[in-house]
A.B. asks: 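Submitted below is the structure of interest, expressed as structure tokens.
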Amino acid sequence: MPEYNLAVIAGDGVGPEVVAEGRKVLDALSQASGGPTFRYTEYPWGSAYYRETGRMMPEDGLELLQGHDAILFGAVGDPDIPDHITLQGLLLPMRRAFDQALNIRPCYLHPGVVSPISGKQPGDVDMVIFRENTEGEYAPVGGRLYEGTPDETVIQTGVFTRRGTERIIRAAFDNCVQRNGRLKVTSVTKSNALAFSMVFWDEVFEDVAKDYPQVSTESLLVDRASMDLVRWPEDFDVIVSSNLFGDILSDIAAVVTGSMGLAASANVNPGRKHPSMFESVHGAAFDIAGKNLANPLATISATAMMMDHFGEHQSARRIDGAVARSLQERKVVTGDLGGSASTTEVGDEIVRLLGEG
Ligand code: NAI
Ligand code: MG
């Protein structure tokens, strides 16, 4: 029976609440005969740690994480600490240092969930976003000159490498071939305005597409793609996009398929030399934090992505099945989906459904 050595960073806001439910589900898996088992190491990093130490994680934080098989992550963010400090102090360095180049974000309209877009039936919306995760617009390259003077000058540069661009696009095509049904990859750029980076991206996309003649392709400008995600979300299959655009499009896709509280995310290191990280798409959700109101299903679905990553496909399907059943039955759903259940009640319900097989 394999044992996986997991790092747990619950972080801030609703992070600890939803991660606790993710762990509950993993523990339930280990109780099944022949199921995988887990050894957890909790790292109490985030905004509280920053208040005490001036850092979001210790100096040797990345070294401590390196030895783990995977990282289960909650969220970072604090109303009193600037977001660039919380994000650049913990989440983004992890993605870069561990070369978690592929940010994979599936969005599916489940039976029992109502889309805010009228007339959409369960299964109509079924897409996965491949977001470049280590460079692009989020590369910390730039500077600030003459701060506080009338000559103040700020430069923020995007970084696009052939290696980084090609591997996210190739991963999107590979996934598209593996997925059943629709066979389309949509590349989302803004090459009319960003005439270096995005024109380059389009060229790489065309090159890679030649290796997948069976897959239809489409290139959309990001403004148009945002509109289409709302009016025709059923047209999308696999979307591939840069770090910034993929980030924005995944929030749109999440709400179109019902809620931010359902959207899971894997940050995958393609070479598997470093741990991959599994988390929800959402952030610290200040408005509902500490109230046992957050929907934990995004994090729970992220644990299913972790199981797939480990090759524990049967465990992954069990979690996905329990999530789908709970949504269809609608007996225990949180406020974002129109119910009144608490975070912990939803976690308990998933564990109960896992027990039923
Ligand atoms: P957010 O994703 O935290 O919240 C957006 C909206 O979705 C809110 O109305 C929230 O209540 C709702 N929501 C989020 N998660 C939910 C859940 N599990 N169940 C039900 N509803 C949920 O985005 P926002 O408000 O822009 O960011 C808040 C903080 O989180 C900021 O400090 C931001 O920097 C940080 N953040 C961190 C991320 C991360 O750690 N991966 C990702 C996004 C934001
Ligand atoms: Mg985001």
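FYI, side chains are in, hydrogens and waters are out, and symmetry mates aren't considered; it's all heavy atoms of this structure. Order of appearance sets the numbers: ligands from 1, and atoms from 1 within every ligand.
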A.B. asks: Within the 4.0 Å heavy-atom shell around A294, which atoms of ligand 1 are there?
C.D. replies: 18 (N), 19 (N)
A.B. asks: Please confirm whether I288 comes under 4.0 Å of ligand 1, counting heavy atoms of the residue only.
C.D. replies: yes
A.B. asks: Flag the pair R95 and E279 as a salt bridge only when some basic side-chain nitrogen lies within less than 4.0 angstrom of an acidic carboxylate oxygen.
C.D. replies: yes
A.B. asks: Are the aromatic ring centres of Y212 and F173 under 6.0 angstrom apart?
C.D. replies: yes
A.B. asks: Could you tell me whether any N, O or S atom belonging to D247 is less than 2.8 Å from the Mg ion (ligand 2)?
C.D. replies: yes
A.B. asks: Under a 4.0 Å heavy-atom limit, does V76 contact ligand 1 with its side chain, its backbone, both, or neither?
C.D. replies: both
A.B. asks: For T86 and ligand 1, does the shortest N/O to N/O distance drop below 3.5 Å?
C.D. replies: no
A.B. asks: Could you tell me whether M260 approaches ligand 1 through its side chain, its backbone, both or neither, with non-hydrogen atoms closer than 4.0 Å?
C.D. replies: side chain
A.B. asks: Can we say R317 and D320 salt-bridge, meaning some charged N sits less than 4.0 Å from an Asp/Glu carboxylate O?
C.D. replies: yes
A.B. asks: Kindly indicate, with the supporting measurements, whether the criterion side-chain hydrogen bond (donor to acceptor under 3.5 Å, both in side chains) is fulfilled by S242 and E137.
C.D. replies: CA-CA 8 Å; S242 66; E137 307 87 342; 2.7 Å; yes
A.B. asks: I'd like to know whether D99 forms a side-chain hydrogen bond (donor to acceptor under 3.5 Å, both in side chains) with T134, so could you lay out the CA-CA distance, the side-chain angles of the two residues, the decisive distance to 0.1 Å, and finally the verdict.
C.D. replies: CA-CA 7 Å; D99 197 24; T134 50; 4.6 Å; no
A.B. asks: Less than 4.0 Å between atom 26 (O) of ligand 1 and some protein heavy atom, yes or no?
C.D. replies: no
A.B. asks: Can you check whether H274 reaches Q100 side chain to side chain, under 4.5 Å on heavy atoms?
C.D. replies: no
A.B. asks: Could you tell me whether the side chain of N292 and the main chain of T344 form a donor-acceptor pair under 3.5 Å?
C.D. replies: yes
A.B. asks: Please work out whether any backbone atom (N, CA, C, O) or any side-chain heavy atom from C-beta onward of L91 is under 4.0 Å from ligand 1, and answer side chain, backbone, both or neither.
C.D. replies: side chain
A.B. asks: As an exercise, identify every atom of ligand 1 less than 4.0 angstrom from a heavy atom of A75.
C.D. replies: 40 (O)
A.B. asks: With backbone taken as N, CA, C and O and side chain as the heavy atoms from C-beta onward, which portion of D336 lies under 4.0 Å from ligand 1: side chain, backbone, both, or neither?
C.D. replies: side chain
A.B. asks: Under a 4.0 angstrom heavy-atom cut-off, which atoms of ligand 1 come close to F73?
C.D. replies: 40 (O)
A.B. asks: Under 4.0 Å and counting heavy atoms only, is there anything from the protein next to atom 5 (C) of ligand 1?
C.D. replies: no
